[in-house]
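A short write-up of the structure that comes next.
Letters A, B, ... mirror the listed sequences (proteins, then strands); counts begin at 1.
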Amino acid sequence: MSQQQNALPKIILVGNPNVGKSVLFNVLTGAYTTVSNYPGTSVEVSRGQCEIDGQNYQVLDTPGMYSILPITEEERVARKILLEETPHRVVHVIDARNIERMLPMTMQLIEAGLPVVLVVNILDEAKRLGMELDLAKLQQRLNVPVIGAVMRRRQGLEELRHALSPAPVTQQGAAYDSVLEAAIGRITDTLNGSYRLDKRALALLLMQRDEEVAALVGKIEGENTVAVEETVRTVIFEKRSDLNLQISLERKRICRQALDGVVQQKVLNGLPWSERLSRWTMKPATGIPILLLVLYFGLYRFVGGFGAGTVVDYLEGHLFEGYINPGVIDFVSQHVQATWLWELLVGEYGLWTLGVRYAVALILPIVGTFFLVFSLLEDTGYFPRLAMLVDRLFKMIGLSGRAVIPIVLGFGCDTMATMVTRTLETRRERIISTILLALAIPCSAQLGVILGLLSGVPGALMVWLCSMVFIFLLIGFLSSKIMPGESPMFYMEIPPLRLPQLRNVLVKTLTRMQSYFLEIFPLFLLASVLLWAGKMSGALQGLVSLLLPVISAIGLPGEATSAFIFGFFRRDFGAAGLYQLQTAGLLSPVQLTVAAVTMTLFVPCIAQFLMMKKERGLKVSAGIFMFVSVFAFSAGWLLNILLLATGLLQ
Amino acid sequence: MSKLSPKAEEVLESLWVAVEELDRVACLLTDLDLTPGDETLRELEALAYTEIRGERLYLRKEGRHEAEMTVRRHRLAERLMMDILDIQGEEGNEQACEFEHLLHQGVDTKICTLLNHPTTCPHGKPIPPGACCDEARRAGEVGVVPLTELSSGQSGEIAYLAANDDKKMQKLMSMGVLPGNRLEVIQTYPTYIFKVGHSQFAVDDALAREIHIRQR
């Protein structure tokens with residue numbers, strides 16, 4: 001299939017973060033990629049197909065980029081596509097409200113010789129801000145198709161489809177002032193090879209010390225590279241005082257000319273209510289109470305109370321225990337004679353009794369409710385505001401406020417979150433956040449079970465919460481001291497607060513649940529089979545007796561050992577094992593708390609470990625794995641001693 | 001006015017530091033490695049800059065300004081060595097000690113302007129302001145301040161970006177933080193929030209310091 005797809009003409013979507021590229025991708029292809037109201041949702045390139053006038057196209061959705069010169073990893077991913085692919089069309093999506101700021105990139109794309117179609121999106125919000133745009137005039141000036149759109153409502157989709165099909169006419173980039181043009185000319189004169197992108201654009205990127213472009217030029221020019229490099233160095237030296245600024249200002253000047261008479265701004269009175277609310281969320285005095293309310297109602301009441309309580313009780317206690325399980329067990333008992341098979345299907349660790357029941361009745365409602373809350377918050381645009389609120393705190397642990405997004409996502413799924421850490425700018429930040437995700441951030445399934453587990457014991461939840469916050473800050477602080485590297489800088493676009501669209505929230509929640517379920521369900525079944533095999537062969541007993549001294553050392557009953565072994569397959573699986581122990585009344589409040597803390601800290605699940613390995617490499621991830629395992633049990637041991645000594649929770 | 005010998009300048013400098021910054025009234029001659037009949041002392045006394053009483057050397061009112069200017073030249077020289085020429089540590093100190101004696105006849109003013117009228121030396125001690133600093137301050141009243149100096153609700157035109165890191169500059173510029181654009185500060189704590197065009201951005205202290213605003 002990929003062979004066939006690769007042969008199709010390509011349509012590449014590019015643009016600033018949070019301008020609606022993914023929405024456009026979804027309406028063009030009918031596929032679904034996660035759409036949210038925060039910058040940097042798409043960290044990977046999504047590929048889909050669409051058909052226009054009987055011709056199939058491959059559509060590529062790229063991560064957001066601010067300029068054709070990449071700085072962050074996700075921008076690099078997006079730019080790589082532009083360097084390597086030969087597109088039929090490049091669709092540049094911009095936010096109408098910020099047309100002046102985003103048009104310079106359109107200029108860059110045109111200058112690079114790419115077949116650009118410009119989509120001016122979010123026209124509705126621009127109108128609300130009192131902006132009137134004359135896009136016909138802009139199209140005339142730019143000489144590329146310009147489409148006004150509200151992609152969320154599919155406005156402009158038909159026009160876009162029309163504009164996409166005909167063969168593009170290559171455009172010339174606008175001319176800069178003569179001094180800059182002379183410098184560009186000197187570099188283009190030395191370039192002998194043939195390139196996908198226009199040489200003027202390459203010259204400008206070389207002047208701005210773009211290493212990837214330099215490498216590409218080096219490969220194509222061969223022996224001539226030395227001469228090119230020499231010229232570039234000379235030009236950079238001659239313009240050393242303000243080269244970057246000069247280029248930016250020239251682009252701005254050209255854009256102003258292009259926009260002259262295109263944009264009319266009416267003056268509006270007063271702040272809209274969304275802007276007022278936005279300011280409340282950002283001021284510490286009102287922002288922190290709002291954050292606490294969000295946490296209390298969103299996480300504690302809704303995910304912990306409703307998801308892990310009401311829904312789980314109903315599904316697990318009522319539906320499974322009362323109706324489904326007895327029926328299934330009876331049915332299997334009637335038809336299956338062999339003990340081993342009976343055990344495999346409905347025994348203690350059976351595929352049905354353990355695998356399916358845990359996945360469906362325990363984990364799914366919790367994950368589902370978390371993703372619902374997360375998607376809702378995401379679409380309002382709350383997370384960037386959270387990022388700016390915590391930036392100062394995060395600086396102390398070597399991260400910037402930007403890292404709050406992978407950390408919060410970690411409460412949903414640490415595996416997804418580990419992948420998102422690549423949006424952080426420095427290697428140091430990426431490693432610190434990976435450690436924290438592996439150690440101190442429980443995923444939603446685990447969190448739900450732990451909240452349910454601890455809410456019955458007064459004080460236990462508090463001790464658990466304080467331990468986790470303390471460990472999170474301590475380990476963050478220590479790793480920021482140990483890890484070399486400069487402290488990160490923080491900048492982030494704050495998108496407007498928006499009322500989430502119910503359909504988008506639901507679709508997103510369901511998509512996330514689906515991918516989560518597809519990811520975990522096989523692992524649950526595999527875990528059941530492994531545990532069953534272990535039980536039948538006695539290997540489980542061996543493993544249990546191996547881990548038993550450690551478990552006893554932290555003051556837990558021997559029965560808890562298997563829960564920790566489950567935890568290796570899925571974090572939440574282990575927590576669910578504890579849940580069962582508690583229901584059976586085998587854990588004292590102290591033991592329960594120690595077990596919950598140790599389990600939360602304990603090794604990430606298999607999927608997260610594999611993702612860590614993919615993102616950070618084997619050496620780093622193996623190091624983190626070892627550290628986390630040792631640290632989890634040491635912390636449990638210490639907490640047990642502390643709790644026993646102080647008499648807390650007894 | 002005839003130029004003082006380097007040795008005399010060193011003595012004035014030590015005296016000024018002792019009196020102005022260490023709150024002493026005078027210096028012991030032995031501390032300054034001087035004996036009463038020294039050439040250097042005669043030079044200073046001839047100008048009525050200093051006065052010997054008993055074991056101690058006093059800085060007279062007449063010598064105060066000259067002494068202040070020698071300290072200023074020394075600390076400017078340190079700035080020049082360490083910030084611009086990047087000669088650090090003991091080497092920087094030594095070079096500064098020799099270089100300060102060359103900073104006469106307006107050279108100190110030129111260097112002070114080149115260094116943008118610094119107020120402290122690399123060791124954190126104040127640099128006594130010269131006439132050029134006062135003038136610059138008076139002229140700068142209309143002028144340009146870093147974003148960190150603005151309070152919420154204030155706005156202005158972006159004058160220039162001071163980042164010496166290319167990546168930072170490019171990031172700011174791609175966000176629309178370009179000279180000539182209007183910027184409105186919305187909030188200053190815990191991070192700076194500002195508006196350019198119809199977009200809002202949050203930046204930390206370090207980046208906010210690089211953005212210079214011309215207030216109107």
Side-chain angles (χ1 to χ4, degrees), chain A residues 16 18 65-72 75 95-102 104-105 125-126 129 131 208-209 242-245 247-249 251-253 256 265 275 278-279 282-284 287 384-385 387-393 395 400-402 425 487-496, chain B residues 84 114 116 144 146-148 151-155 157-214:
Chain A
N16 272 44
N18 212 29
M65 58 202 287
Y66 277 102
S67 133
I68 205 171
L69 184 70
I71 294 173
T72 61
E75 288 179 315
D95 176 347
R97 293 165 301 175
N98 293 301
I99 188 165
E100 195 175 322
R101 176 159 66 81
M102 296 181 180
M105 189 167 132
E125 289 188 25
L129 288 169
M131 289 174 78
Q208 296 178 80
R209 297 176 199 270
D242 61 348
L243 176 64
N244 283 317
L245 190 63
I247 295 174
S248 294
L249 286 175
R251 289 208 175 110
K252 192 180 141 191
R253 181 184 62 79
R256 281 232 166 122
Q265 175 72 55
E275 183 54 31
S278 157
R279 292 187 184 187
M282 296 194 291
K283 285 204 177 70
R385 290 165 172 81
M388 59 116 326
L389 268 185
V390 300
D391 180 55
R392 262 167 208 274
L393 180 70
K395 287 273 166 63
S400 81
R402 185 169 281 264
E425 275 175 32
S487 60
M489 55 175 174
F490 175 68
Y491 60 87
M492 191 169 229
E493 189 168 347
I494 308 276
Chain B
I84 305 290
L114 169 74
N116 201 11
V144 174
L147 178 58
T148 46
S151 46
S152 30
Q154 287 189 306
S155 63
E157 188 180 273
I158 299 164
Y160 60 90
L161 305 174
N164 43 18
D165 174 347
D166 269 0
K167 291 248 151 89
K168 259 192 217 173
M169 287 280 277
Q170 282 158 1
K171 196 82 230 177
L172 286 170
M173 291 187 301
S174 62
M175 298 196 307
V177 180
L178 273 176
N181 281 354
R182 278 199 75 72
L183 177 151
E184 183 193 339
V185 178
I186 292 176
Q187 191 178 325
T188 56
Y189 188 87
T191 48
Y192 291 87
I193 303 211
F194 61 81
K195 195 166 150 181
V196 175
H198 288 293
S199 290
Q200 295 186 8
F201 297 95
V203 295
D204 60 13
D205 291 355
L207 271 177
R209 265 196 291 276
E210 320 281 12
I211 305 170
H212 290 255
I213 307 294
R214 181 175 296 112

Please test B:Tyr192 against B:Thr148 for side chain to side chain contact (heavy atoms under 4.5 Å, CB included), starting from the C-alpha separation and ending with a verdict.
CA-CA 8 Å; B:Tyr192 291 87; B:Thr148 46; 3.5 Å; yes
Stepwise, does the side chain to side chain contact (heavy atoms under 4.5 Å, CB included) test hold for A:Asn16 with A:Arg101?
CA-CA 10 Å; A:Asn16 272 44; A:Arg101 176 159 66 81; 3.5 Å; yes
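Within the 4.5 angstrom heavy-atom criterion, only side-chain atoms of A:Asn98, from C-beta onward, approach chain B. Residue A:Leu389 touches chain B through both its backbone and its side chain, counting heavy-atom pairs closer than 4.5 Å. Contact of A:Gln265 with chain B is made through the side chain alone, with heavy-atom distances under 4.5 Å. Both the backbone and the side chain of B:Tyr189 come within contact range of chain A, judged by heavy atoms closer than 4.5 Å. Heavy atoms of B:Asp205 lying under 4.5 Å from chain A belong exclusively to its side chain. Of the two parts of A:Arg209, only the side chain, counted from C-beta on, holds a non-hydrogen atom closer than 4.5 Å to a non-hydrogen atom of chain B. In this structure, chain B has heavy atoms under 4.5 Å from both the backbone and the side chain of A:Lys283. Proximity to chain B (any heavy atom under 4.5 Å) is shown, for A:Leu245, by both the backbone and the side chain. Heavy atoms of A:Arg253 lying under 4.5 Å from chain B are absent altogether. No part of A:Met102 comes within reach of chain B, as not one of its non-hydrogen atoms sits under 4.5 angstrom from that chain.
Listed here is the closest heavy atom pair of A:Ser400 and A:Pro488: N-CG, 3.6 Å. Here the shortest heavy-atom pairing between B:Leu178 and A:Ser248 reads CD2-CB, 3.5 Å.
How far CD1 of B:Ile193 is from CE of A:Met282: 4.0 Å, rounded to the nearest 0.5 Å.
Per-residue counts of heavy-atom pairs under 4.5 Å with chain B were compared for A:Glu100, A:Met105, A:Lys252, A:Arg97; the largest is that of A:Lys252. Annotation: maximal heavy-atom pairing with chain A below 4.5 Å, among B:Ala206, B:Gly197, B:Pro179, occurs at B:Pro179.
A salt bridge does not link B:Glu157 with B:Arg182: none of the charged nitrogens is closer than 4.0 Å to a carboxylate oxygen. Ion pairing of B:Lys195 with A:Glu275 is absent here, as no side-chain N (NZ or NE/NH1/NH2) approaches a carboxylate O to less than 4.0 Å.
Under a cut-off of 6.0 angstrom, the local environment of CZ in A:Arg392 is crowded, with over 12 non-hydrogen atoms contributed by other residues, nucleotides or ligands.
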